[in-house]
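Structure record follows, encoded as structure tokens.
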There are 2 protein chains.
Amino acid sequence: MITIKDVARAAGVSVSTVSHVLSGRRPISEPTRLRVLEAIERLGYRPNRLAQGLVSKSSRSLGLLVPDLANPFFGSMAEAMEIAAHDRGYSVILCNTNLDSRREADYLSMLLSRQVDGLLYFPGTRVPNRALLEAVAAGVPVVVVDERIDNLPGVFVDNFDGGRQLGRLLAQLGHRSLLFIGGPEGLPTVTDRLNGLRAGLAEGGGAPANLLLRFGEYRASHGYETIHICAREGVFAAVGEERPTAVVAANDMIALGALRALRELQLQVPRDCSLTGFDGVEFTAMITPSLTTVQQPSTRVATAAVELLLQRIEAGENHRDRAGQQQPHDDQAEVAPVIPHVVLPVTLVVRESVAPPPPQR
Amino acid sequence: MITIKDVARAAGVSVSTVSHVLSGRRPISEPTRLRVLEAIERLGYRPNRLAQGLVSKSSRSLGLLVPDLANPFFGSMAEAMEIAAHDRGYSVILCNTNLDSRREADYLSMLLSRQVDGLLYFPGTRVPNRALLEAVAAGVPVVVVDERIDNLPGVFVDNFDGGRQLGRLLAQLGHRSLLFIGGPEGLPTVTDRLNGLRAGLAEGGGAPANLLLRFGEYRASHGYETIHICAREGVFAAVGEERPTAVVAANDMIALGALRALRELQLQVPRDCSLTGFDGVEFTAMITPSLTTVQQPSTRVATAAVELLLQRIEAGENHRDRAGQQQPHDDQAEVAPVIPHVVLPVTLVVRESVAPPPPQR
DNA sequence: TATCGAAATCAAAACGTTTTGATTACCAGG
DNA sequence: CCTGGTAATCAAAACGTTTTGATTTCGATA
């Protein structure tokens with residue numbers, strides 16, 4: 001391996017001179033500079049970031065904790081975040097939590113060992129993980145993505161509004177009886193979307209709607225099985241107000257599975273039953289029938305999350321400089337630290353999968 | 001930050017003793033060991049992997065270069081690889097090449113700076129990137145995934161066989177005129193699948209088939225646009241032998257786009273036109289009609305790739321130990337280094353999207 | 001009781017950087 | 001001709017580990 005020492009020797013200067021050429025922190029005479037640059041080029045020198053990190057106390061890397069990369073929603077989010085981070089000179093360490101909080105704890109410990117400068121965290125599992133809170137307490141900047149967690153900074157979309165737009169649409173079409181297939185019960189995204197849905201239904205239609213609730217994982221299989229289970233329970237055999245005329249899935253994957261199951265039950269979407277998703281991943285435009293869904297600006301969410309995280313990281317670095325001065329205690333500025341929550345707007349995308357309910361039999 | 005020095009002080013021993021307790025490389029008396037362990041626990045000590053990497057000359061991390069995480073095929077591959085790597089104690093640095101070879105070069109240089117122990121590389125773009133070959137030349141172990149590159153170790157599936165199975169199936173159903181919508185022209189996966197398709201068609205049917213070829217990106221939009229372009233060119237208006245009765249897409253995303261476009265043209269799949277994909281990602285089972293495709297054992301591919309890479313990394317480490325001894329030159333063992341290519345089998349999954357061709361008008 | 005070896009521990013060097021106080025060389029001003 | 005200041009460079013310390021040769025302690029053997 002070619003080190004800075006080799007370059008220094010080749011250029012006939014000291015190690016610190018080479019470093020200064022590279023960083024530009026001290027003036028270097030032009031001839032020396034050129035000699036050093038030439039040596040670097042000739043030897044193919046590449047600074048060792050481990051060593052740099054050791055002295056600078058920053059690895060210039062971020063930990064990305066994501067529950068399920070096979071889900072294209074997380075895939076495109078991860079992609080956009082990595083790109084944003086790379087643009088700002090940071091690398092991303094990928095961690096697949098798979099909804100397992102033991103794994104999460106494991107990864108967190110590893111990431112701290114690796115001196116990551118910050119964490120991009122997709123919950124996916126219920127509420128804040130213990131290990132995550134410890135990391136936060138230890139002073140590692142964290143930005144929570146996609147979910148809202150009250151006392152942690154986060155970037156997410158207006159899930160309530162998305163739900164509300166869906167509710168209004170369905171109510172206006174005349175739907176009075178719906179099946180809501182949620183993700184994990186209690187997750188903010190799920191709850192917000194559901195509450196929004198309720199609000200939208202109330203706004204859009206006269207009579208209060210009949211709303212059947214199911215919860216489970218954010219996966220196609222959950223949508224698929226839920227429909228079949230409901231069918232076995234006679235939900236779709238009911239008549240009148242009881243029978244759901246629309247299925248609202250808490251995300252696109254669930255909707256995809258539900259669509260399949262509905263078809264297996266000989267229920268045509270949207271003729272016999274409307275269907276909606278949430279997230280607006282690419283395939284929703286491609287399937288048949290194309291899916292009515294709420295589109296997230298995923299790239300904007302991703303870049304906003306990275307921006308917010310880097311902002312906090314840089315703020316933290318300044319803060320750390322002052323850390324030595326034993327409590328400045330500026331009485332004036334004794335404000336509670338404000339936890340930023342960036343909320344981005346969503347867009348309702350109306351496609352083939354919704355229609356007025358079938359005439360009552 | 002708590003360092004090993006703090007632990008040593010707290011336990012009343014030297015730094016090296018703490019290190020030995022942690023690594024177990026030298027015997028430590030039981031009472032001392034316990035005292036050290038207790039101090040570690042009490043202080044919440046966490047070894048700094050940057051420092052460890054600096055002395056051990058290994059970061060215990062792998063670079064993962066992937067073209068497009070929004071594609072669920074790459075998403076699940078990336079997920080499986082990261083998990084396999086994590087299980088073996090390695091972290092994964094995520095790099096989104098986006099089919100851009102300048103980006104690739106950029107990432108490669110960053111990864112080398114970060115002292116990654118090896119690279120997991122999905123080409124996606126044409127043939128070996130210059131920067132990649134330099135990295136290989138510099139001695140970084142690389143495993144190419146998904147594509148076959150002749151003189152680099154790789155893990156991929158039997159694309160030819162997959163194509164052949166599709167060809168046989170379609171020929172046996174009676175298809176004589178097909179449209180093949182490929183990925184990037186010249187990519188081994190594309191070529192192998194196409195050649196297999198030809199072989200399968202020859203085996204399965206009597207008369208030689210009419211085969212129309214199109215190439216482009218591995219994306220839904222490419223499938224979608226190709227169908228529409230073909231339609232404008234009158235391809236689907238033709239009669240008799242000319243008109244394709246089946247569309248063979250080089251992967252599932254292309255098939256998804258093609259399906260959409262066919263439907264927009266009022267061509268029903270499979271009644272008017274059969275359709276097949278390749279890869280076997282989850283959604284192929286869920287869409288309507290469900291897609292006939294060739295299933296890759298993605299998890300096996302992913303873990304095999306990680307295994308192979310780690311194997312090479314460890315071999316390289318042994319090799320490096322001997323590197324000092326100026327050319328052992330053991331005449332006996334003067335064999336050309338064998339480039340391993342792990343080829344895994346695929347499975348044809350026949351679903352609703354294929355049927356015999358419609359009766360000729 | 002002197003000697004040896006093994007077990008346990010320590011001290012110091014090394015890994016590749018950045019940072020910073022010290023040194024040198026040079027030139028302008030008095 | 002001395003003084004002072006500045007520009008350019010160097011040397012050494014520091015970052016947090018691991019590794020290894022040296023030292024100490026101790027019990028067993030001669």
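Chain letters run A, B, ... following the sequence lines, proteins first and then strands; every chain starts at 1.
- For A/R114 against D/dG16, no side-chain N or O and base N or O form a donor-acceptor pair under 3.5 Å.
- In this model, the phosphate group of C/dT18 is not approached by any side-chain N or O of A/K57 to a distance below 4.0 Å at OP1 or OP2.
- Of the listed nucleotides (D/dA11, C/dA8, C/dT9), C/dT9 has the atom at the smallest distance from the side chain of B/T17.
- Between B/R35 and B/E38 no salt bridge is recorded (no basic side-chain N to carboxylate O distance below 4.0 Å).
- Of the candidate nucleotides C/dT18, C/dC10, D/dC10, C/dC10 has the atom lying nearest to any side-chain atom of B/V13.
- Residue-level contact check: B/R46 touches the backbone only, with heavy atoms under 4.0 Å from sugar-phosphate atoms and none from bases.
- Other residues, nucleotides and ligands contribute only 12 or fewer heavy atoms inside 6.0 Å of the CZ atom of B/R25.
- Side-chain atoms of B/Q52 lie closest to D/dT18 of the nucleotides C/dT18, D/dT18, C/dT20.
- When the side-chain nitrogen and oxygen atoms of A/S56 are compared with OP1 and OP2 of C/dT18, none of them lie within a distance under 4.0 Å.
- When the nearest nucleotides of DNA chain C are assigned to B/L54 and B/G12 by heavy-atom distance, the more 5′-ward of the two goes with B/G12.
- Other residues, nucleotides and ligands place more than 12 heavy atoms under 6.0 Å from the CZ atom of B/R42.
- Of the candidate nucleotides D/dT18, C/dA11, C/dT20, C/dA11 has the atom nearest to the side chain of B/S14.
- Helix bend of the helix from C/dT1-D/dA30 to C/dG30-D/dC1: the angle between its two end axes, each built from five pairs, comes to 70° after rounding to 10°.
- A salt bridge is absent between A/D106 and A/R103: the closest approach of a Lys/Arg side-chain nitrogen to an acidic carboxylate oxygen does not fall below 4.0 angstrom.
- The distance from atom CG of B/D6 to atom P of D/dG16 is 8 Å, rounded to the nearest whole Å.
- When all heavy atoms are compared, the tightest approach of A/P340 to A/R312 is CD-NH2, 3.6 Å.
- Side chain of A/D117 to backbone of A/R60: a donor-acceptor contact under 3.5 angstrom is found.
- For A/R25 against C/dT19, no side-chain N or O and base N or O form a donor-acceptor pair under 3.5 Å.
- Contact of B/S16 with C/dA11 (side chain to base): a donor-acceptor pair of N or O atoms is detected under 3.5 Å.
- A donor-acceptor contact shorter than 3.5 Å is absent between the side chain of B/S101 and the backbone of B/N129.
- Side-chain nitrogen and oxygen atoms of B/T32 include at least one within less than 4.0 Å of the OP1 or OP2 phosphate oxygen of C/dT9.
- Atom NZ of B/K5 and atom P of C/dA11 are 13 Å apart (whole Å).
- Considering only side-chain N and O atoms, A/T3 lies nowhere under 4.0 angstrom from the phosphate OP1 or OP2 of C/dG16.
- In this structure, B/R114 contributes its side chain and B/L62 its backbone to no donor-acceptor pair below 3.5 Å.
- In this structure, CG of A/N48 is placed 18 Å from P of C/dA14, rounded to the nearest angstrom.
- Atom CZ in B/R33 sits roughly 17 Å away from atom P in C/dA7 (whole-Å rounding).
- For B/R26, the side-chain atoms get nearest to D/dG21 when compared with the rest of D/dA8, D/dG21, D/dT9.
- Candidate nucleotides D/dT17, C/dC10, C/dA8 were compared by shortest atom distance to the side chain of B/V15, and D/dT17 ranks first.
- In the set D/dT17, C/dT9, D/dT9, the nucleotide with an atom closest to the side chain of B/S29 is C/dT9.
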